[in-house]
Q: 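Let me begin by handing over the structure; questions about it come next.
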Amino acid sequence: DFIRIPNLSPAFDADWDTNGHQLKAFDLVTKWARDQNLTNCKIELLKDTGRTPLLFMEVEANSSDQVCMLYAHIDKQPPMGAWGEGFGPCDPVVEGGKLYGRGAVDDGYGFFSAITSIKAIQEQGMPCPRIVMLFEGCEESGSRDLPHYMDKLSERIGSPDLIICLDAGCGNYSQLWMTTSLRGNAVSMLNVEMLTSGAHSGFSSGIVPSSFRVSRQLLSRLEDEVTGLVKPPELFVKIPQSRLDQTAAAAEILGDTVYKQFPFVEGGHPVAKDAPISEHLLAKSWRPALSVTGADGLPATAIAGNVMLPFTKLKLSMRLPPTLDAAKANQTIADILTKDPPQGSHVTVTQFQAGNGWHAPLEAPWLSSAAHKASLTFFGKPCAHIGEGGSIPFMNMLLKMFPKAQFMVTGAAGPGNNMHAPNENLHIDYSARVTMCVAHVIATFANVYVGGSETMTVRENKSFMEVFKQSGGDNEYFVGCDCGAVGCVIFDQGLEGKNVCPPCPPARGGGSLNVGI
């Protein structure tokens, strides 16, 4: 039923606030949440004027004063082209152990997984901390409304000690994957004008420069059109040697699925055809990459005539290393593109949005131990770590607001999931096992003594909206991307020469959980 509702994110639906799709989706998930009858649970659906809805849930602790926050989003991407025969964005189909439909893996499952994990803990009498759950309707548009609601709910949210986000990906479907970094994103509009109106190409070509050619020339300042590599050194960061070493280890786990998961045409191959797997992994997680995601000024081929076009407008998306300042990067890009316009053209760059990447804090021993134990219990393989190539704009905000919190960022978007594309699908068995792992980590967290109030998370005296803007967020809607495809940098977060997986004492009271969804 959730998949049947076309509740597109505001960036893709100008009528989102009047057509009722968002409220219909939130009414559905709110009713489902109430039907689970969680013990000592408060459920509130918020919808402020001009804002997308937010579902907020609180569950009282049964054994701990600590706070765990769980997050997922309800809004969806548009269909993005034709789906395969028998499939459709609003026509749920189960085939081959996968659920097909828009919002299945990004991120509808996250809502059901979060609540099911808490239900499993309660039904089996496992320890449970205080739980706060936030399910927003604006993530695919840059989470513009989330900090507004978090400010409004600030006292009820408190200061989470563990933050669990279920909107990420996995390297394979064989083990639990913990996301340790996300790339930033600088989005801008490049507009090149050469004429004030169109001209007959037979009369003007050869005399009038093509605005499209000038656009190509400008893009070559940012990207080598032969190698596909980004040129400006200001858009790179130094990758610690330890991360380079561990990327090689990740390559051993993932192998050629890193690139074979993508639907290349016959004979198509990766940007760096003969590069080792580790280089592909670094290219999509720690290095910048340019994509042209839209264009104006070019008529459809069916109606295109012999006309020299007056302008070419391109939408550019530059993925940035996790630790690079996105605002400075966006300004660098604008300066490069607008300097010395070729052949007298009028070149303008509109900075649409800049969102910083995210770098997870070092895992506490209890979290590392709990994640490994959960993965071994429910998958039979140890937990692995991954650096994602996509962006989740508000994660940097949460890190700044709760600098001492632990993060479990994970998800079910693995190879072939097609999130943001036609034929999106959810690996049903994997999502069930991830749910079990989340429940195990939460129950372990409730049982771990972290040193009393002096070491517990204390939120800085700032508004969420203020920090959101400092992290690159904006009041304007931003088409974000949280790509869940395979990527991978297993890293020790700068602790050069240190052991990434230090021996951890077993958590007290840890038992196994059985979760069925």
Side-chain angles (χ1 to χ4, degrees), residues 2 5-13 15-36 38 41-59 67-77 103 106-115 118 130-160 163-167 355 392-398 401-402 409 459 463-469 471 473-480 482:
F2 174 76
I5 304 173
N7 53 308
L8 302 187
S9 198
F12 308 103
D13 185 358
D15 300 321
W16 68 269
D17 205 15
T18 58
N19 59 28
H21 296 320
Q22 281 266 9
L23 284 177
K24 184 176 181 181
F26 272 88
D27 286 343
L28 183 149
V29 297
T30 301
K31 181 180 183 301
W32 190 88
R34 295 187 190 281
D35 290 344
Q36 303 316 300
L38 295 181
C41 178
K42 298 178 182 178
I43 301 176
E44 182 177 357
L45 178 59
L46 295 88
K47 172 63 175 78
D48 289 351
T49 302
R51 302 280 184 181
T52 51
L54 179 128
L55 178 60
F56 182 66
M57 298 177 61
E58 297 175 87
V59 180
V67 182
C68 173
M69 174 192 291
L70 290 98
Y71 165 91
H73 68 88
I74 306 301
D75 57 315
K76 303 175 183 177
Q77 287 271 330
D106 184 25
D107 178 34
Y109 97 95
F111 162 80
F112 298 98
S113 176
I115 295 176
I118 304 304
R130 189 171 82 85
I131 300 292
V132 294
M133 291 184 270
L134 296 96
F135 305 108
E136 68 158 317
C138 194
E139 191 276 341
E140 300 292 0
S141 301
S143 294
R144 184 197 74 163
D145 296 332
L146 182 62
H148 162 78
Y149 285 118
M150 293 186 73
D151 277 331
K152 188 173 183 176
L153 299 166
S154 179
E155 291 187 6
R156 294 168 64 182
I157 292 172
S159 297
I163 297 173
I164 299 177
C165 173
L166 297 168
D167 190 27
I392 305 179
F394 69 90
M395 289 304 297
N396 193 273
M397 173 193 75
L398 294 179
M401 291 297 290
F402 308 114
V409 180
R459 181 166 60 87
S463 73
F464 287 93
M465 185 65 77
E466 177 186 357
V467 176
F468 181 65
K469 291 179 180 179
S471 300
D474 199 336
N475 283 327
E476 298 300 322
Y477 285 116
F478 165 54
V479 182
D482 46 338

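FYI, the numbering just counts along the sequence from 1.
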Q: Roughly how far apart are Asp48 CG and Tyr149 OH, rounded to 0.5 Å?
A: 4.5 Å
Q: Identify the two heavy atoms, one from Ile43 and one from Arg34, that lie closest to each other, and give their separation to 0.1 Å.
A: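 Between these two residues, the closest heavy atoms are O-NH2, 3.5 Å.
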Q: Can you tell me which residue among Trp32, Phe111, Tyr71, Phe26 is in a ring-ring contact (aromatic ring centres under 6.0 Å, His included) with Phe135?
A: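 Between Phe135 and the candidates, ring-ring contact (aromatic ring centres under 6.0 Å, His included) is satisfied uniquely by Phe111.
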Q: At their closest point, which heavy atom of Asp167 faces which heavy atom of Ile392, and how far apart are they?
A: O-CD1, 3.9 Å
Q: For a side chain to side chain contact (heavy atoms under 4.5 Å, CB included) check, start with the C-alpha distance between Val29 and Leu55, then their side-chain angles and the critical distance, and finish with the verdict.
A: CA-CA 9 Å; Val29 297; Leu55 178 60; 4.2 Å; yes
Q: Quick one: CG on Leu134 to CD1 on Ile157, what's the gap to the nearest 0.5 Å?
A: 5.0 Å
Q: Roughly how far, to the nearest 0.5 Å, is the NZ atom of Lys42 from the CE atom of Met133?
A: 13.5 Å
Q: Looking at every heavy atom in both Ala25 and Ile74, which two are closest together, and how far apart are they?
A: CB-CG2, 4.1 Å
Q: Roughly how far, to the nearest 0.5 Å, is CD1 of Ile118 from CE of Met57?
A: 9.0 Å
Q: Between Arg130 (side chain) and Pro160 (backbone), is there a donor-acceptor pair under 3.5 Å?
A: no
Q: Parallel under 30°, tilted from 30 to 60°, perpendicular over 60°: which one fits the rings of Phe112 and Phe2?
A: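 Plane angle over 60°, so perpendicular.
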Q: Before giving the answer on salt bridge (Lys or Arg N to Asp or Glu O under 4.0 Å), spell out for Asp27 and Lys31 the whole-Å C-alpha distance, their side-chain angles and the decisive distance to 0.1 Å.
A: CA-CA 6 Å; Asp27 286 343; Lys31 181 180 183 301; over 6 Å; no
Q: So does Ile115 get a backbone contact from the side chain of Gln36, meaning a donor-acceptor N/O pair under 3.5 Å?
A: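 Pair absent, no side-chain N/O of Gln36 close to backbone of Ile115.
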Q: Would you mind checking if Asp145 and Lys47 are paired as a salt bridge, meaning a charged N to carboxylate O distance below 4.0 Å?
A: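 Salt bridge: no.
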Q: Please determine whether side chain to side chain contact (heavy atoms under 4.5 Å, CB included) holds for the pair His73 and Asp106, giving the CA-CA distance in whole Å, both sets of side-chain angles, and the decisive distance to 0.1 Å.
A: CA-CA 8 Å; His73 68 88; Asp106 184 25; 3.0 Å; yes
Q: Measure the CG-CG distance between Leu45 and Leu23 for me, rounded to the nearest 0.5 Å.
A: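 CG of Leu23 is found 7.0 Å from CG of Leu45.
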Q: Can a side-chain donor-acceptor contact be found between His21 and Asp13 if the only test is distance below 3.5 angstrom?
A: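 There is no such pair between these side chains.
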Q: Identify the heavy atoms of Glu140 and Asp75 that sit nearest to each other, and give their distance.
A: N-OD2, 2.8 Å
Q: Say you draw a straight line from OG1 of Thr30 to CG of Asp35; how long is it, rounded to the nearest 0.5 Å?
A: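 If I round to the nearest 0.5 Å, the distance is 10.5 Å.
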Q: Apply side chain to side chain contact (heavy atoms under 4.5 Å, CB included) to the pair Phe56 and Val132, showing each step before the final yes or no.
A: CA-CA 7 Å; Phe56 182 66; Val132 294; 4.2 Å; yes
Q: Considering all heavy atoms of both residues, which atom of Arg144 and which atom of Gly50 are nearest to each other, and what is their separation?
A: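 Smallest heavy-atom distance, with atoms named: NH2-O, 3.1 Å.
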Q: Taking the side chain as C-beta and beyond, is there a heavy-atom pair between Leu54 and Leu153 under 4.5 Å?
A: yes
Q: Under a 3.5 Å distance rule, please check whether Lys76 uses its side chain to pair with a backbone N or O of Gly108 as donor and acceptor.
A: no
Q: Heavy atoms only: give me the nearest Phe402-Met69 pair and the separation to one decimal.
A: CE1-CE, 4.5 Å
Q: Can Glu44 and Glu58 be said to form a side chain to side chain contact (heavy atoms under 4.5 Å, CB included), step by step?
A: CA-CA 9 Å; Glu44 182 177 357; Glu58 297 175 87; over 6 Å; no
Q: Give a yes or no answer on whether the side chain of Ser9 reaches the backbone of Ser141 with a donor-acceptor pair at less than 3.5 Å.
A: yes
